[in-house]
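Take a look at the structure set out below.
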Protein chains: 2
Amino acid sequence: MESRIDRIKKQLHSQSYKLTPQREATVRVLLENEEDHLSAEDVYLLVKEKAPEIGLATVYRTLELLTELKVVDKINFGDGVSRYDLRTEGADHFHHHLVCIECGAVDEIQEDLLGDVEKVVEEGWNFKIKDHRLTFHGICHRCHSDDGNEDKGSGE
Amino acid sequence: MESRIDRIKKQLHSQSYKLTPQREATVRVLLENEEDHLSAEDVYLLVKEKAPEIGLATVYRTLELLTELKVVDKINFGDGVSRYDLRTEGADHFHHHLVCIECGAVDEIQEDLLGDVEKVVEEGWNFKIKDHRLTFHGICHRCHSDDGNEDKGSGE
DNA sequence: TAGAATAGGATAATGATTCTTTTTTAATAA
DNA sequence: TTATTAAAAAAGAATCATTATCCTATTCTA
Ligand SMILES: [Mn+2]
Ligand SMILES: [Mn+2]
Ligand SMILES: [Zn+2]
Ligand SMILES: [Zn+2]
C-alpha cells in the first residue's frame, strides 16, 4: 500500500505535480476502498474523516487530476453521478463491470475478454482503440433464487 | 417511417399511454436523426422547429417514457449530458459505439460481437445478462493520417 | 526574504435534470 | 352534447452535481 502511494507520488512528480497532504488523503481513501465505486461526494465524506479541513472542490480537483494521470478511471453507471475507480496497476485495459438491476451491486471483471473483439473492430472499422468501457446489466449471482439464497445484499 | 411511428404508437397504447402530438413530434425528431446521439436539449431544439409550443420538461418526460418502453436507450459518453439513441428495431442487443478522441465523432457498430464474451461472463460469473454497454475510445478512420486525408470532420 | 507559481478553502455560479403548480386536452359517463 | 375525471403539458422553481471564482496559504526560486 505504501509502495503504491509512492508510485503514484512519483507519477505526480514526473508531471511536476505535488503529492500534497490533501491529495495523499484522497489517494488513501481510494486505495482503502478499492472494491467500491465511490462518487466524488463519497470520497469527500471519507477523506473528511481523516482530514476534516478538506474542501469538496479540492476533492473534485484531485479526482480530475488523478483521472488525467490515468490513476483512476471516471465512470458513469447512469445514476447521475460520476464514480471513480482505481485503475488496476499494470493493467493495460480498464476492467469491466456487472451491474445488478435487482440489488444495484456492482461487481468487477478483471479479465480482459475483449482481445478478439478489439481485433475485429480495429480491422473492420479502421479504428485505433485506446480504451474501452464495457458494462453488463443483469441479475447478479446473489440475486439468483435458484440457489435458495434470498439475501438481496445491500447494493452499492 | 410512418409504419415505425405506428408501431411505437401501438407499443405506447399497449401500456395505456397515448401518442400525443408532443410525443409524436419528439419521436419524429429521433427517427429523423437516427444517426446522431442527441441530448435532451438537442431534441428540444429540434422539436421546437416543428412544434414551437413544446416545453423542455415535456421532452424530458417523453424521453424518459421512451426509455422505459425500450424505444430508446439512454447513454452517456462522459461529457456531462445523457444522450438518447433509438434502439434498432428488432435488435435484441444494444449497439456499440466508437468515440473518437480526436474529433469527437461517435460511430456505431450494429454487429453484436459480444456473443462469446457474454457466454463466458454468464457462466464464469453466474450473472444473467439483460443488457450491455460497450464503447471504444480511440482514433476514428477519418482522423488517421495514413490515408492522407486531413479532414477532421465536424464531430458530434 | 521577496516574488512567482501552485494548491486549497469557501462559496457563488452554472448547467442538467426533476419537481410543483396550474392549465389544457382527451376520454368517459350522464 | 355537457359535466366529470384523468392524463398530459407548460412554465418556471427547485435540486443536485460539478465548475469557476476569489482570496489565502504554501512551496519553490532567485
Ligand atoms: Mn470497477
Ligand atoms: Mn448509437
Ligand atoms: Zn443483485
Ligand atoms: Zn476522428
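To find a chain, count down the sequence lines: A is the first, B the second, and so on, and within it residues start at 1.
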**OP:** Using a strict cut-off of less than 4.0 Å between a Lys/Arg side-chain nitrogen and an Asp/Glu carboxylate oxygen, indicate whether B:Asp131 and B:Lys70 qualify as a salt bridge.
**Re:**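 Answer for the salt bridge query: no.
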Rounded to the Å, how far apart are [X] [atom1] and [N] [atom2]?
X: B:Asp79; N: D:dA17; atom1: CG; atom2: P; value: 19 Å
X: B:Glu24; N: D:dA9; atom1: CD; atom2: C1'; value: 16 Å
X: A:Asn76; N: D:dC16; atom1: CG; atom2: C1'; value: 14 Å
X: A:Asp42; N: D:dA17; atom1: CG; atom2: P; value: 10 Å
X: A:Gln15; N: C:dA7; atom1: CD; atom2: P; value: 12 Å
X: B:Lys48; N: D:dA11; atom1: NZ; atom2: C1'; value: 11 Å
X: A:Leu19; N: C:dT6; atom1: CG; atom2: C1'; value: 14 Å
X: A:Leu45; N: D:dA17; atom1: CG; atom2: C1'; value: 14 Å

Is a donor on one side and an acceptor on the other found under 3.5 Å between the side chain of [X] and the backbone of [Y]?
X: A:Asp6; Y: A:Ser3; answer: no
X: B:Gln110; Y: B:His95; answer: no
X: A:Arg23; Y: A:Lys18; answer: yes

**OP:** Could you tell me which non-hydrogen atom of A:Lys74 sits nearest to which non-hydrogen atom of A:Thr67, and how far apart they are?
**Re:**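 Residues A:Lys74 and A:Thr67, closest heavy atoms: CB-CG2, 4.2 Å.
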Original post:
For the atom pair CZ (B:Arg142) and CD (B:Glu102), what is the distance rounded to the nearest 0.5 Å?
Top reply: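 Going from CZ on B:Arg142 over to CD on B:Glu102, the span is 12.0 Å.
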Original post:
From A:Phe77 CZ over to B:Asn76 CG, what is the distance, rounded to the nearest 0.5 angstrom?
Top reply: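 With rounding to 0.5 Å, CZ (A:Phe77) is 11.5 Å from CG (B:Asn76).
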[N] phosphate, OP1 or OP2: any side-chain N/O from [X] under 4.0 angstrom?
X: B:Thr20; N: D:dA9; answer: yes
X: B:Gln22; N: C:dT25; answer: no
X: A:Thr58; N: C:dG9; answer: yes

Show the distances under 3.5 angstrom between N or O atoms of the protein and N or O atoms of nucleotides 14-24 of chain C.
| residue | atom | partner | partner atom | Å |
| --- | --- | --- | --- | --- |
| C:dT17 | OP1 | B:Ser82 | N | 3.0 |
| C:dT17 | OP1 | B:Ser82 | OG | 3.4 |
| C:dT17 | OP2 | B:Tyr60 | OH | 2.5 |
| C:dT17 | O5' | B:Tyr60 | OH | 3.3 |

Between protein and nucleotides 23-29 of chain D, what N or O pairs are separated by less than 3.5 Å?
none

Original post:
Are more than 12 heavy atoms from other residues, nucleotides or ligands located less than 6.0 Å from atom NZ of B:Lys50?
Top reply: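 Count over threshold, so yes.
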**OP:** Indicate if A:Phe136 and A:Val121 have the same hydrophobic cluster label, given that clusters are the connected sets of ILVMFWY residues with side-chain heavy-atom separations under 4.5 angstrom.
**Re:**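 A:Phe136 clusters together with A:Val121.
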